[in-house]
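Residue indices begin at 1 and follow the sequence shown.
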Amino acid sequence: MLEKELLGAWTDALASKAPVPGGGGASALAGALAAALGQMVANLTVGKKRYADVEEEMQQSLFALNILQMELMALADKDAEVFAPLAAAYGLPSGTEEEQAEKDRIMEENLLAASLVPMQMLEKTSAVLDVVGLLEEKGSRMAVSDAGVAAQMARAALTGAVMNIYINTKSMKNREKAEELNEKARKLVAAGTEQADQIYGRVLAKLGA
C-alpha cells in the first residue's frame, strides 16, 4: 500500500502500463503532499515567540492536516481498489437480455463507487486548502513559499480528481445521478481552484514577484 511503500516504488508503478495506480491515485497523492507541506509551515511556526498569538491555531492546523494527509493517502489506495471490480464488469457476458441487465446493474454500481472516491478527494483537498489559507496568512513568513506550493499541489489534486469523476459519470445510465455528481464536483472545483489561486497570488505578492 502507498503509505508502506517507498515513493520511488509507487511512482515506478505509476509509470508502468498497469492500470493502477493512475490519475486518481496521483491526484490523492498531490492532495496529501499539500497537507504535508501545510504541516511543514505550521511546524516552522509553532514555538516561535514571534508567532505566540497564533500558537493554538497552528497546533490545530497540524492536527487537522495530519488527519487529512492520512485520509488522502488512504484514498489513493481506495481508488485502485474500486477500479478492479469496474474493470472486471466490462468483461461480463451480455449475450442475453438477462445477462445484459445484470451487467448494466453491476456496471452502474461500480461506476458510482469509482466516482465517489475522487469526490472524497475533492472534499478532503478543499479542507486542506482552508487550512493552507490560514497558514499563508498567519504562518511563518520564512515558509510562505511552501504555503504557496501547498496551494498549487491542492489545485492539481482538485483538477485531477474531478476528471476521474467525469470519466465515470459519463458512462452512467442514471443520468440524473450522474448530473448530481457532476454538479457537486463542479462547485467544489470552482471554489477550490479560486481559493488556491487567491492564496498563490497573495504568496507571490509577499515574495515581491
[atom1]/[X] to [atom2]/[Y] distance, rounded to the nearest 0.5 angstrom?
X: Asp197; Y: Arg202; atom1: CG; atom2: CZ; value: 11.0 Å
X: Met163; Y: Leu158; atom1: CE; atom2: CG; value: 11.0 Å
X: Lys78; Y: Met121; atom1: NZ; atom2: CE; value: 11.0 Å
X: Ser115; Y: Glu180; atom1: OG; atom2: CD; value: 11.5 Å
X: Asn168; Y: Asn182; atom1: CG; atom2: CG; value: 10.5 Å
X: Leu33; Y: Met40; atom1: CG; atom2: CE; value: 12.5 Å

Do [X] and [Y] make a side-chain contact, defined as non-hydrogen atoms from C-beta onward lying under 4.5 Å apart?
X: Gln195; Y: Asp130; result: yes
X: Val144; Y: Leu207; result: yes
X: Leu188; Y: Val162; result: no
X: Lys187; Y: Glu183; result: yes
X: Leu135; Y: Leu65; result: yes
X: Tyr90; Y: Ser171; result: yes
X: Val41; Y: Leu37; result: no
X: Lys177; Y: Glu108; result: no

Out of curiosity, does [Y] fall in the hydrophobic cluster containing [X] (side-chain heavy atoms, cut-off under 4.5 Å, transitive links)?
X: Leu75; Y: Tyr166; answer: yes
X: Leu14; Y: Phe83; answer: no
X: Val117; Y: Val20; answer: no
X: Val82; Y: Met172; answer: yes
X: Tyr200; Y: Val128; answer: no

Which atoms form the tightest heavy-atom contact between [X] and [Y], and what is the distance?
X: Ile199; Y: Ala147; result: CG2-O, 4.3 Å
X: Met153; Y: Ala34; result: CB-CB, 4.0 Å
X: Ala161; Y: Leu122; result: CB-CD2, 3.8 Å
X: Ala143; Y: Leu44; result: CB-CD1, 3.8 Å
X: Lys103; Y: Ala89; result: CE-O, 3.5 Å
X: Met73; Y: Ala32; result: SD-CB, 3.7 Å

State which residues pass salt bridge (Lys or Arg N to Asp or Glu O under 4.0 Å) with [X]; sequence neighbours excluded, sorted by chain then number.
X: Glu102; answer: Arg105
X: Asp104; answer: none
X: Glu123; answer: Lys184

Neighbour count above 12 (heavy atom, 6.0 Å) for [X] [atom1]:
X: Leu116; atom1: CG; result: yes
X: Met142; atom1: CE; result: no
X: Tyr51; atom1: OH; result: yes
X: Arg50; atom1: CZ; result: no

Any carboxylate oxygen within less than 4.0 angstrom of a Lys/Arg side-chain nitrogen, looking at [X] and [Y]?
X: Arg186; Y: Glu179; value: yes
X: Lys124; Y: Glu71; value: yes
X: Glu136; Y: Lys206; value: yes

When you look at Val46 and Leu62, which way does the side chain to side chain contact (heavy atoms under 4.5 Å, CB included) test go after all the steps?
-> CA-CA 10 Å; Val46 296; Leu62 277 172; 4.1 Å; yes
Any donor-acceptor N/O pair, [X] side chain to [Y] backbone, under 3.5 Å:
X: Gln152; Y: Gly148; answer: no
X: Thr125; Y: Ala154; answer: no
X: Glu55; Y: Ala52; answer: no

Could you walk me through whether Glu109 and Ile106 pass the side chain to side chain contact (heavy atoms under 4.5 Å, CB included) test, one step at a time?
-> CA-CA 5 Å; Glu109 182 180 285; Ile106 294 174; 5.5 Å; no
When you look at Leu112 and Leu181, which way does the side chain to side chain contact (heavy atoms under 4.5 Å, CB included) test go after all the steps?
-> CA-CA 9 Å; Leu112 176 60; Leu181 292 168; 3.8 Å; yes
Under the side chain to side chain contact (heavy atoms under 4.5 Å, CB included) criterion, do Val54 and Leu134 qualify, and how do the steps go?
-> CA-CA 10 Å; Val54 296; Leu134 171 70; over 6 Å; no
